[in-house]
Amino acid sequence: MTTILLARHGETDWNREGRFQGHADPPLNETGRAQARELAEQLAPIPVDVVYSSDLLRARETAEIVAARKELPITVDPALREIDVGSWSGLTRAEIEQRFPAAAHHDGETREQHLRRIVDAVEQIARSHPGERVLIVSHGGSLRALRGHAIGDAVHPIAHCAVFELRFRDGSWRAID
């Protein structure tokens, strides 16, 4: 059985401003860096064998802060990215409603494409580390999609630097309470 610790990245200025980020690459702000340091403290007593991160800066910075505390390298995987929100990137909800008044969904990845990408990536990671504890730092939408797929509970919103645990064995998932 592989234990997967899933953590969301720390806050960015775009999060604070309510902007859709998707594949855009804003860095953590000072609050986000403080959140990442708190996450590192929270995870300090928990053994972790490997650390994976989305390649987007906000997730990578968060993972670097946590991994440094554990003296572990990071494996960066672009498949762990947030959903691609296409032309909505950088816009607030109000700006989207003004520019795309009839749009029910962005013109980036579909939810199904995003879900398949993130599930495939995490299952590949889990299969590569049987019996180990893996930390994956990713994004709110990606973690929500994975959690919904794995255990039918797509918590929304997922707080910055929140962590939840799943276990993967023989191709199936289960949550840890």
Side-chain angles (χ1 to χ4, degrees), residues 3-86 88-93 95-96 106 108-109 114-115 117-119 121-122 125-126 129 133-151 153-166 175-176:
T3 301
I4 308 284
L5 300 174
L6 296 158
R8 184 178 181 204
H9 62 78
E11 182 186 82
T12 70
D13 286 341
W14 281 23
N15 289 131
R16 183 173 286 165
E17 296 164 5
R19 296 188 180 282
F20 281 69
Q21 295 178 109
H23 286 191
D25 211 13
L28 296 177
N29 59 25
E30 286 308 313
T31 298
R33 288 184 193 94
Q35 291 166 335
R37 288 189 296 273
E38 289 171 21
L39 177 61
E41 287 297 317
Q42 175 188 347
L43 295 177
I46 299 171
V48 171
D49 298 297
V50 294
V51 178
Y52 281 79
S53 174
S54 158
D55 65 330
L56 297 175
L57 187 56
R58 57 195 183 271
R60 209 172 63 241
E61 278 187 280
T62 302
E64 287 168 356
I65 290 168
V66 174
R69 172 74 188 253
K70 295 194 164 295
E71 299 181 355
L72 290 170
I74 298 167
T75 300
V76 174
D77 186 344
L80 297 171
R81 281 183 171 201
E82 180 62 280
I83 191 169
D84 178 4
V85 295
W88 289 15
S89 182
L91 302 178
T92 64
R93 175 78 56 200
E95 291 167 337
I96 291 165
H106 53 72
E109 265 180 309
H114 175 237
L115 175 63
R117 174 172 53 81
I118 196 74
V119 167
V122 175
I125 290 167
H129 298 282
R133 182 174 281 125
V134 178
L135 172 64
I136 296 175
V137 181
S138 189
H139 307 272
S142 295
L143 300 182
R144 191 170 39 259
L146 179 64
R147 185 176 169 113
H149 170 80
I151 61 171
D153 179 16
V155 172
H156 182 73
I158 295 175
H160 291 104
C161 290
V163 178
F164 61 92
E165 184 174 321
L166 297 174
I176 304 305

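These numbers come from the heavy atoms of this one structure, side chains and all, not from hydrogens, waters or symmetry mates.
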Taking all non-hydrogen atoms of both residues, which atom of [X] and which atom of [Y] are closest, and how far apart?
X: Ala126; Y: Ile4; answer: CB-CD1, 4.0 Å
X: Val134; Y: His129; answer: CG2-CB, 3.8 Å
X: Gly108; Y: His106; answer: N-ND1, 3.1 Å
X: Asp49; Y: Leu72; answer: O-CD2, 3.8 Å
X: Ala59; Y: Val137; answer: O-CG1, 3.5 Å
X: Ser142; Y: Ser138; answer: CB-OG, 3.5 Å

So, do [X] and [Y] sit near enough that their side-chain heavy atoms are less than 4.5 Å apart?
X: Val122; Y: Tyr52; value: no
X: Glu95; Y: Trp88; value: no
X: Leu146; Y: Leu6; value: yes

Would you please test His139 and Ser54 for side-chain contact (heavy atoms from CB on, under 4.5 Å) and show each step?
-> CA-CA 8 Å; His139 307 272; Ser54 158; 2.8 Å; yes
Straight-line distance of [X] [atom1] to [Y] [atom2], nearest 0.5 Å:
X: Ile118; Y: Ile136; atom1: CD1; atom2: CD1; answer: 7.5 Å
X: Thr92; Y: Trp14; atom1: OG1; atom2: CH2; answer: 11.5 Å
X: Arg69; Y: Glu41; atom1: CZ; atom2: CD; answer: 4.0 Å
X: Thr12; Y: Leu56; atom1: OG1; atom2: CG; answer: 11.0 Å

Between the main-chain N or O of [Y] and the side-chain N or O of [X], is there a donor-acceptor pair closer than 3.5 Å?
X: Arg8; Y: Ile158; result: yes
X: Arg33; Y: Leu28; result: yes
X: Thr62; Y: Gly10; result: yes

Using the side-chain contact (heavy atoms from CB on, under 4.5 Å) rule, take His9 and Gln21 through it: C-alpha gap first, then chi angles, then the decisive distance, then the call.
-> CA-CA 12 Å; His9 62 78; Gln21 295 178 109; 4.2 Å; yes
Kindly write out the residues that satisfy side chain to side chain donor-acceptor pair (under 3.5 Å) with Glu17, not counting sequence neighbours, or none if the list is empty.
-> Arg19
Donor on one side chain, acceptor on other, Asn15 and His160, under 3.5 Å | yes
Check the pair Asn29 / Arg16 against side-chain contact (heavy atoms from CB on, under 4.5 Å), numbers first and verdict last.
-> CA-CA 9 Å; Asn29 59 25; Arg16 183 173 286 165; 4.1 Å; yes
Acceptor/donor pairs from residues 73-81 side chains to any protein atom, 3.5 angstrom cut, sequence neighbours excluded:
from  : atom 1 : to    : atom 2 : distance (Å)
Asp77 : OD1    : Ala79 : N      : 2.9
Arg81 : NE     : Asp55 : OD1    : 2.7
Arg81 : NE     : Asp55 : OD2    : 3.3
Arg81 : NH1    : His23 : ND1    : 3.2
Arg81 : NH2    : Asp55 : OD2    : 2.9

Could you walk me through whether Glu11 and Arg58 pass the side-chain contact (heavy atoms from CB on, under 4.5 Å) check?
-> CA-CA 8 Å; Glu11 182 186 82; Arg58 57 195 183 271; over 6 Å; no
State which residues pass side chain to side chain contact (heavy atoms under 4.5 Å, CB included) with Ile46; sequence neighbours excluded, sorted by chain then number.
-> Leu5, Leu43, Arg133
